[in-house]
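Okay, structure first, notes after.
Quick note: numbers below take in every heavy atom, side chains included, and nothing from hydrogens, waters or symmetry partners. First the proteins, then the strands, lettered A, B, ... as listed; each starts at 1.
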Amino acid sequence: MDTLNYINNGHGLASWLLTKDHKRIALLYLVSITFFFFLGGLFAFMIRLELLTPAGDVLTAENYNKMFTMHGVVMVFFFLIPSIPAVLGNFLIPIMIGAKDLAFPRLNLISWYIYVLGGIFTLVAALSGGVDTGWTFYTPYSTAAANSHVITAALGVFITGFSSILTGLNFIVTIHRMRAPGLTWFRLPLFVWAHYATSLVMILGTPVIAITVLLVAAERVLHMGIFDPALGGDPVLFQHLFWFYSHPAVYIMILPAMGVISEIVQAFARKNVFGYSFIAFSSLAIAIIGFLVWGHHIFVAGQSVYAGMLFSIISYIVAVPSAIKVFNWTATIYRGSISLDSPMLYAFGFLGLFTIGGLTGLFLAAMGLDIHMHDTYFVVAHFHYIMVGGAIMGYLGGLHYWWPKITGKLYSEPAAKLAAGLVFIGFNLTFFPQFLVGYLGMPRRYHMYPPEFQVFNVMSTLGATILSVGYLLPMFYFVHSIFRGKPSPADPWGAKGLEWEVPSPPPTENFAVTPIVTHGTHQYAPSKEVGVV
Amino acid sequence: MFTNFPFFPQQASAQAGQVDAIYFFMVAVTAFFSILIAGLVVYFAFKYRRRHRDEIGHAIHGSLALELLWTVIPFFITMVMFVWGAKVFFDMYRPPAGAMEIHVVGKQWMWKVQHMDGRREINELHVPVGRPVKLIMGSEDVLHSYYIPDFRVKADVIPGRYNVLWFTATRPGNYHLFCAEYCGTKHSGMIGTVTAMEPADFQAWLSGGRADESPVAAGEKLFADLTCNTCHLTDTQGRGPMLTNLFGKQVELQGGGTVTVDEAYIRESIVLPQAKVVAGFQPLMPTFQGLVTEEQLLQLIAYVRSLSQQGEAPGAAPQSPTMPQSSSRPVVEKK
Amino acid sequence: MSGHHVSHHVAPKSLYYLIFALLMIGTAVTVIVAYFDLGAFNNVVMLTIACTKALLVVLYFMHVRWGTRLTWVVAASGFVWLLIMFGFTLSDYLTRGWVGGTLR
Amino acid sequence: MSDGYPQAPSVGLPGRVSIQAPGNPHDEQSSAHPHHPKLQHHFDDMGQQAEASTLGMWVFLVTEIMFFGGLFLAYLVYRTQNPMAFQEASAHLSWKLGAFNTAVLIFSSLTMALAVRSAQTSESRGTQVFWLVTTMILGATFLGVKVIEYSEKFAHNNVPGPNFVWDGQYPAGAEIFYSLYFCMTGLHALHMVIGLGIMTVIAIMAWRRQFNTEYFTPVEITGLYWHFVDIVWIFLFPLLYLIGRHYGGH
Ligand code: HEA
Ligand code: HEA
Ligand code: CUA
Ligand SMILES: [Cu+2]
């Protein structure tokens, strides 16, 4: 150990578990999130195993229902929502804005503990028998009919919600108050913009799911009449409250990934982004307009047709900023100096798969079409294309891109390329058939299905097997790199950005002296606009 | 093993074509943009690949004209999608006048059906082709959703409320019926078959089985058994309002406001009588919640409705222009 | 970044007493109004007074009156978002009966 | 190179960090203005620290608004669906106790504001603690009254649940009203209890002379929190206690 950095600055478990260093907290998150990803993946694998044959022969119906519920809950609340913000955002935002830490380091550590506590509740729910309500917890099933561990799981969601709120709060204050001198808003890396937008959604949306879940608990435990029609309540009100959070939450999942892609595309095309301000503002637009579309989940749930039209048209409007981003990224590659290192492969994967996922969202936002597609595998395919094909590609791309910075070690690039290829192929094989079987009418959350849907399901299960190999591979070469990898220079990619100017891994204080920033990120070539953007 | 695997669902209802038309439009747009983006990415990645280590890209900061272009074009495309989707939804939302009514009750985990002449079925539904069919659906426990993929129709069934689904079958045959809203353990077993038949076959089928009492007759009996008739007399002497010729009318409520008498309102009057009290009456009526099942409610409603315009279906919504069949085929009169 | 200075506005005590008095009067008016039948206006009046009281607290007791523009924006955004949630949800509830012929 | 990692390009712009005084660690550099003992290491100065804290509190209050907002939305929807029932159920609450509590809370907001002011103007620790403790006493009074109201409801079995009893005309709607009543006032009361806990700590800190013109952020953000709790009640009072008083009036 030659130089002092955040990893070797302090040893022993306590120095990690009580750390207030944002970089160490990011690693704590990395470990716990990886655990939940593989747990969720295990549930997914059980789902796919069951669906190999039309008859429900691997799992009982009850267990199958628990599988997809736990899969959804774990993947959404314990993996994807915290993934990029809590790991990469936590690690990078202070460095990218030239600060020593987030504004509230202790709060940051507390959010991790809250997250773990929520996770424990969910694990307890899973181990003591599971929940079978679906990740959507729809009433009155969840409050009056289900006899599984709804309360434990709901509390787990409630608790992690606060972790998310505190992370968002910390980011907002940090970005407003801790920027280095000269780092104006329009010199911020787009990654930071994306996280700013994400944080807005976190703080404005998450409290609503918290209160909703609390009301579900009150109704279930105390039999207070709130959503159950037998007690005079209205189940559709639950759906409004749930989606008021959960639609914006899908942008919590995709916006950070978009931030990652903005960085990667610039770094590996050695070129500043095409249309910085369009990308920056489209993040904000997605965050804000994304709050106004939640009703597209309940077109056929008894919502008024006029409200449905309102939600439908705004769903289309919110697609436009996403389109802008995709076109701008594509334009960024134009006349770049492109190297196909593994992060860039993930970024390309993101571009293609997010486009398909997003465009199939437009199918669902068409009210007349959604009548047929709602709650079929078409929806399942849509959101996996965005969440797995988009968000996870972004997460993995970011992890590969910043891994040398985080650990100070270089991983094996050929292995990484192989993994990227496997993920891409496995993914498409898993989820493309689901579009077809969805339009044929196969409903989701089905333990058994008519035999004519089997071909598609076999393909899907096959793809999921390839996909899991693709996901397991990085575990090996990442861990290998920590012990055997070559040390990384400060800037292994030849990228531009404050994070590449500090050593790899960075020292605890990030910067010996607060830097003074004179122009925007990723300015590779001199140009008259430099510094203005 | 894999003998029968279709790639596209059958078009077995009058609506199916409309829905599929949007679908194909969407597929075309998706294919166009996906191929465009993927093609450009691959082409650029090859064309501008890094040729030596220290190479950097061109500093291009953007182009307002281009960016506006790809803001405006997607915007207009999506507006087409919106208008088209909303129009189809509206058509599928409003049942045409004169549709044949069938009562459907969902419960964990079966679909109970009763035809207007009393014939019952479970997990099956027999309908004639060429005639609009309107399902009036309620739930006894949790949310369900009635879904016939080959007809492209689906609607959630909500406890405490009625929801309506309508379609016109166009092709005789057997079609899948699914419950599409997760409702517990045997959600995937809450399935069945919809059988569309030629009108003559349908008539034969109707008269073939052992028909129960019609819902109206059953409702009349219930009306007496539950002692409704002690308050709701056929003249104005009763403690409750007269129910004759009530359906479809506007009723003045105590505390201001009016309400149109439809199925939902009658249902509410029976299970939550105090929620809306008719002007000029005391809120005397007891609740019958828990005393009547969802099916019996439907029967009571059918009876109350029969006290009004005999045989006419409610809600004289304009005939949907998308329903040429309903006029070209003889409409079977309800008994 | 707005200069790093502690915001040092010290409001005179008399102002706080004035606000307190206004809040008390508002409460009294609300209670009195509740006893007159103004039809729908009862609710309008009561909610207007409640909003005014809340505004007074936010502006003076919570010092937003002298706060940075960012504080204004943050404080306002909470209420704006609340209205969005109310408005869009009610867009469903208030229009459910509009289409004839269905029971939704 | 064999790993496929490129070297940093030799062209392009230099890094954008301009090191002002190379090798001059931050701590020495700031000797110009001496460190306040309360300054945390990652902030540049007290002003930045204070601004971050108040902004953080405001952002937190926004989340609180949305948290209570869900309940207010449920209230709004059910109120439009069961107007008569809500009037009837609301009439069974004692508006006098409600109005008294409103006055108490507003008064406590005043004393809280004065507590912040006394810290802000470096008044004596006695004054600071006096205002804080007065605020706490008022808060406790509010909670005491709430206990009276709750126990009255429990005594009459007006608490939603399997044992709910309602002898009015609208038992179903009344039960929903009381579900919301208990959720809303219960969460509000919980916030007050938390507020009292925080204020205990603050009062002790004040007694230890920790607050003055230079540093009073903890008092300030506690004040923000307390005023927010007051605002919630300002809405709860008319919505729960006063709606439709004139109807079937007393
Ligand atoms: C990260 C997650 C994520 C994201 C980003 C999105 C993004 C979008 N989603 Fe998706 N969605 C989910 C996750 C996500 N969704 C989940 C989890 C569900 C199911 C929940 C459940 O029930 O369990 C769901 C369900 C869902 C439904 C409900 C379906 C149903 O249950 O019946 C709808 C309906 O409108 C919808 C629409 C959209 C739209 C319009 C977008 C848009 O934002 C997409 C915008 C992107 C693009 C449009 C692509 C880029 C554009 C171009 C390359 C250019 C060409 C563009 C044009 C011509 C416009 N989604
Ligand atoms: C971030 C979100 C996320 C992610 C990453 C995934 C990832 C995957 N999902 Fe998931 N999914 C959801 C979110 C997500 N899903 C949600 C919200 C639902 C709805 C739930 C509901 O209806 O309530 C859903 C539902 C859902 C269904 C529908 C179930 C149903 O409706 O009946 C299916 C079916 O195929 C599925 C499959 C998969 C697969 C194959 C993956 C794969 O990408 C996973 C691949 C990863 C691994 C496989 C892990 C790595 C490997 C191992 C740990 C080794 C495992 C051991 C062996 C192979 C022996 N998912
Ligand atoms: Cu009934 Cu699913
Ligand atoms: Cu959505």
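- At least one donor-acceptor pair under 3.5 Å links the side chain of D:Q48 to the backbone N or O of A:R177.
- Using a 4.5 Å cut-off between heavy atoms, A:L102 touches chain D through its backbone atoms (N, CA, C, O) alone.
- Residue D:Q49 does not touch chain A at all, counting heavy-atom pairs closer than 4.5 Å.
- The NZ atom of A:K100 lies 12.0 Å from the CD atom of D:Q40; values are rounded to the nearest 0.5 Å.
- For the pair D:F164 and A:M224, the minimum side-chain heavy-atom distance is 4.5 Å or more.
- For A:F244, the part sitting under 4.5 Å from any heavy atom of chain D is the side chain, from C-beta outward, and nothing else.
- When each of D:L180, D:N82, D:L55 is checked for heavy-atom pairs under 4.5 Å with chain A, D:L55 comes out on top.
- Within the 4.5 angstrom heavy-atom criterion, atoms from both the backbone and the side chain of A:A210 approach chain D.
- When each of A:L107, A:L237, A:N510 is checked for heavy-atom pairs under 4.5 Å with chain D, A:L237 comes out on top.
- For chain D, the nearby part of A:L241 is the side chain; its heavy atoms alone come within less than 4.5 Å.
- Here A:L169 is the residue among A:L169, A:L214, A:I209 with the most heavy-atom pairs under 4.5 Å with chain D.
- Expressed to the nearest 0.5 Å, how far CZ of D:F43 lies from CG of A:D101 amounts to 9.0 Å.
- Interface with chain A: from residues 59-80 of chain D, residues D:V59, D:F60, D:V62, D:T63, D:M66, D:F67, D:G70, D:L71, D:L73, D:A74, D:V77, D:Y78 qualify, criterion being any non-hydrogen pair under 4.5 Å.
- Contacts of A:L166 with chain D are absent, with no heavy-atom separation under 4.5 Å from either backbone or side chain.
- Contact residues of residues 183-201 of chain D toward chain A are D:C183, D:L187 (heavy-atom distance under 4.5 Å).
- D:S179 places no side-chain N or O within 3.5 Å of a backbone atom of A:I226 that could act as its donor or acceptor partner.
- Contact annotation for A:I165: only side-chain heavy atoms (C-beta onward) come within less than 4.5 Å of a heavy atom of chain D.
- Contact tally against chain D (heavy-atom pairs below 4.5 Å) for A:N170, A:T212, A:D234, A:L215: the top residue is A:D234.
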